[in-house]
Asker: 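Please read through the structure below; I'll follow up with questions.
To find a chain, count down the sequence lines: A is the first, B the second, and so on, and within it residues start at 1. Worth knowing before you read on, the calculation uses all heavy atoms, side chains too, and leaves out hydrogens, waters and symmetry mates.
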Number of protein chains: 4
Amino acid sequence: MSAKLVDKDQKRRDIARAAMEVFSRGGMDAVSMRLVAGKAGIGKGTIYEYFDSKDELIAAAILIWIEDLIEGARLLSQQEVDPEKRLRIFVGQTMAVFTRDQSAIQTAISVFQVILSNLDNNLWFDPIQSAFKDTWKTIAQIIMDGSEKGVFRIQGREDAKKIAINLLAFLDGICLHYYASGGRFDIKEQVDHYMKYLLEETLK
Amino acid sequence: MSAKLVDKDQKRRDIARAAMEVFSRGGMDAVSMRLVAGKAGIGKGTIYEYFDSKDELIAAAILIWIEDLIEGARLLSQQEVDPEKRLRIFVGQTMAVFTRDQSAIQTAISVFQVILSNLDNNLWFDPIQSAFKDTWKTIAQIIMDGSEKGVFRIQGREDAKKIAINLLAFLDGICLHYYASGGRFDIKEQVDHYMKYLLEETLK
Amino acid sequence: MSAKLVDKDQKRRDIARAAMEVFSRGGMDAVSMRLVAGKAGIGKGTIYEYFDSKDELIAAAILIWIEDLIEGARLLSQQEVDPEKRLRIFVGQTMAVFTRDQSAIQTAISVFQVILSNLDNNLWFDPIQSAFKDTWKTIAQIIMDGSEKGVFRIQGREDAKKIAINLLAFLDGICLHYYASGGRFDIKEQVDHYMKYLLEETLK
Amino acid sequence: MSAKLVDKDQKRRDIARAAMEVFSRGGMDAVSMRLVAGKAGIGKGTIYEYFDSKDELIAAAILIWIEDLIEGARLLSQQEVDPEKRLRIFVGQTMAVFTRDQSAIQTAISVFQVILSNLDNNLWFDPIQSAFKDTWKTIAQIIMDGSEKGVFRIQGREDAKKIAINLLAFLDGICLHYYASGGRFDIKEQVDHYMKYLLEETLK
DNA sequence: GATGAATGAGCTTTCATTCAT
DNA sequence: AATGAATGAAAGCTCATTCAT
């Protein structure tokens, strides 16, 4: 692989990340090529040297965002051995990302919206699917580990997957409701409530 | 006495619902006045006889959509007396709405996105907040009823509210993940799993 | 002539005067049929019972405005016998109209603009021409009277006409400059200066 | 170093002049961006690369038009030493501009109209005021020169200013009446009449 | 005769995209 | 390879005009 090619790929990522920054402020249509170019510190026309269209840029930006998420989750779960702690760390980190600033949930919701509006777009169908699978697997694996170590009580691999999916769905859902309701409840208490029953009743 | 009698309020609702149909396809910015007019079977200019601006149309459409939701939930919970059944019916109906066609979740996600992007817009802040509160209350009340009848075991009103919020958040989250992942899991089983532990472990 | 016909004509004048009021605020395009209807206290559609189009309404409004002006000038010059006084009264009245409120000059300028933009429009070419001629004649006649009485010294009827035209042109011009310059000079002094030399040097 | 070199300022002037051409046909509201773009031989969107809005374009166009006028007057008065000749040249040139084609007076009247409708708009209030002052000063200075040389007889600087203002107002007024009346008098004779008494009676 | 609901042409403005440099 | 000037399609919106009542 030549140095040139590496540069091209790196610049693609830079532009895509700049696009994602803009994206998070107001969804797909808030992204103007002028703004992205500005954020990326390049000329407007230059974007088209790296992406064929705005749609492709958005798709790439979303994919890179998801890749980053997956990588983050992967790293996270490696840092600790105790399954319960790993689970708590994952949840804590996820909440930290979403509560640190509102733009994170806005980004997530915008991503979801674009994906749902373009489910037929096979450009990203596979990568997105993989991303979901990877995240499920990561969490399910933690639970499986706990089961093997005798810390968690589950009924087989399928059960672990279900618990993982539900946990992830809940985390997204609760953040969504939290912001959409104007912060009318204590999100930490809600998550604690979920985790308490998950760890004390379901997995024990 | 007017020269031509038109049910202004009904027409407003008709146009708003047409807008919501378009809205579900791709969020706020997919709603072009041309498209809405087409859906509603009227001329572009006519929309402006009923709404001052696109923003007002969107806001009204969302509010009407939410009103319909609340009304649906209210009717639902009145049909049955047994708390557990009422809870199951509510969940079943919600899932039915979301699984019948994908546009329902797209509408929901689009609504969330607009709300999150316009949290400061006091045009709809209050109604939205009320809508959330109403839905929480409806579910919490079912649980409270169960508690009073000795069917559910909870620790006070606060606990009921927490359970209600988490349930609603989970339902939205799981639908989101279901569609976004391309239907890679059995959503019914996931919900059943959640409900099983909710009813068997948490509330028993 | 039937009562109905008189009513129609009167209503035409009412609507035209309402149009002129709006007209004075910002020229031709500030006149919206909705506004005119509002000012006239009638429905929008009703205007079209009396005028075929907005253009026709504007034309009629301008003609009526001019007719009013001419009538005013005619009445004015009849009230006094002394030619010099009649001239002073005419000038004084004209200035009074223009200095009472700014909208008068705005109306005048708007009228001029519409006329200049539509000189080919034979709908009003003749009436406008007559209006100018009438005003010139009125002033010229005063001067002729003065000449016959030995009060003014002029060189024939042509001279009187020239003086009249110049006086009228000057009055419009000075008002225009006065407002356009933001009132940076004393308009009364300017007119006095003109009148002084007109009466002391030119006509003496 | 830019990829494409364009004289931004020159193009601004080109567009503004194209706007002024359209402007002269029917005032502010006759100026459609489509028409201006057509006149300027560019695309509609290109105008917005040089002006932020239509209002800004109109304002700029008017200011440039006035600047041209002032510059013309300035150059004119430098070419000759004899005050009387300078005055005659100024008047002659002004008439030449206005009689060469009708659009000049239409432009002037349109400018007046916009100014009168936007007297509060400080975007152009100051420049316009300066323009008026400059023109008054230019003429008044010629008269003062004549006074110093003993050619003209005036009563102080204030008198010179009054004469200048009246002359300018008269010139605009007479052109206005000339065109509005459909050319029913000999404008040259009218101006000669004014000038004759100005030079023979007032200034002698 | 009077009305105002309905409409589409046309307005100003934005912006993804192209392309000459 | 990189740029930004140029553009036209399409957006939200206004309004003169029509027409059913």
Asker: From NZ of A:K54 over to C1' of E:dT14, roughly how many Å is that when rounded to an integer?
Answerer: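 For the pair A:K54 NZ and E:dT14 C1', the rounded distance is 11 Å.
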Asker: Does the E:dT13 base have a donor-acceptor partner in the side chain of D:K44 within less than 3.5 Å?
Answerer: yes
Asker: Counting C-beta onward and ignoring hydrogens, is there a side-chain heavy-atom pair between D:E21 and D:V36 closer than 4.5 Å?
Answerer: no
Asker: Using heavy-atom distances to pick each residue's nearest nucleotide on DNA chain E, tell me which of B:I47 and D:D29 is more 5'.
Answerer: B:I47
Asker: With a 4.0 Å cut-off on N to O distance, would you call C:R12 and C:E49 a salt bridge?
Answerer: no
Asker: Determine whether A:M33 and A:Y48 make a side-chain contact, defined as any pair of heavy atoms from C-beta on separated by less than 4.5 Å.
Answerer: yes
Asker: Between the side chains of C:S53 and C:D55, does any donor sit under 3.5 Å from an acceptor?
Answerer: no
Asker: Strictly by Watson-Crick or wobble contacts shorter than 3.5 Å, is anything paired with F:dA2, and which nucleotide is it?
Answerer: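 The answer is E:dT21, by the H-bond criterion.
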Asker: Specify the separation, in whole Å, of atom CG of A:L35 and atom P of E:dC15.
Answerer: 9 Å
Asker: What is the base-pairing partner of F:dA10, counting Watson-Crick and G-U wobble geometry with both distances under 3.5 Å?
Answerer: E:dT13
Asker: Counting any heavy atom closer than 4.0 Å, what does A:Y50 reach on the DNA or RNA strands: base, sugar-phosphate only, or nothing?
Answerer: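 Counting heavy atoms under 4.0 Å across all strands, the contact made by A:Y50 is with sugar-phosphate only.
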Asker: Of the nucleotides F:dA2, F:dA16, E:dC11, which has the atom closest to the A:T46 side chain?
Answerer: F:dA2
Asker: Mind checking if A:V36 touches a base, just sugar-phosphate, or nothing, with heavy atoms under 4.0 Å?
Answerer: nothing
Asker: Side-chain N or O of C:R34 versus OP1/OP2 of F:dA16: is the shortest distance under 4.0 Å?
Answerer: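 For F:dA16, neither OP1 nor OP2 has a side-chain N or O of C:R34 closer than 4.0 Å.
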Asker: Any side-chain heavy atom of D:F23 within less than 4.5 Å of one from D:V111?
Answerer: yes
Asker: Could you check which of E:dT13, E:dT3, F:dA11 has an atom nearest any side-chain atom of D:M33?
Answerer: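 Comparing E:dT13, E:dT3, F:dA11 against the side chain of D:M33, the answer is E:dT13.
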Asker: Given F:dT7, E:dA6, F:dA1, which nucleotide is nearest the side-chain atoms of B:E49?
Answerer: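 Among the listed nucleotides, the one closest to the side chain of B:E49 is E:dA6.
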Asker: If you pin B:Y48 and A:I42 to their nearest nucleotides in DNA chain F, which one's is more 5'?
Answerer: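 Result of the comparison: A:I42.
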Asker: Look at the side chain of C:S53 and decide which nucleotide, out of F:dG12, E:dC11, F:dT17, has an atom nearest to it.
Answerer: F:dT17
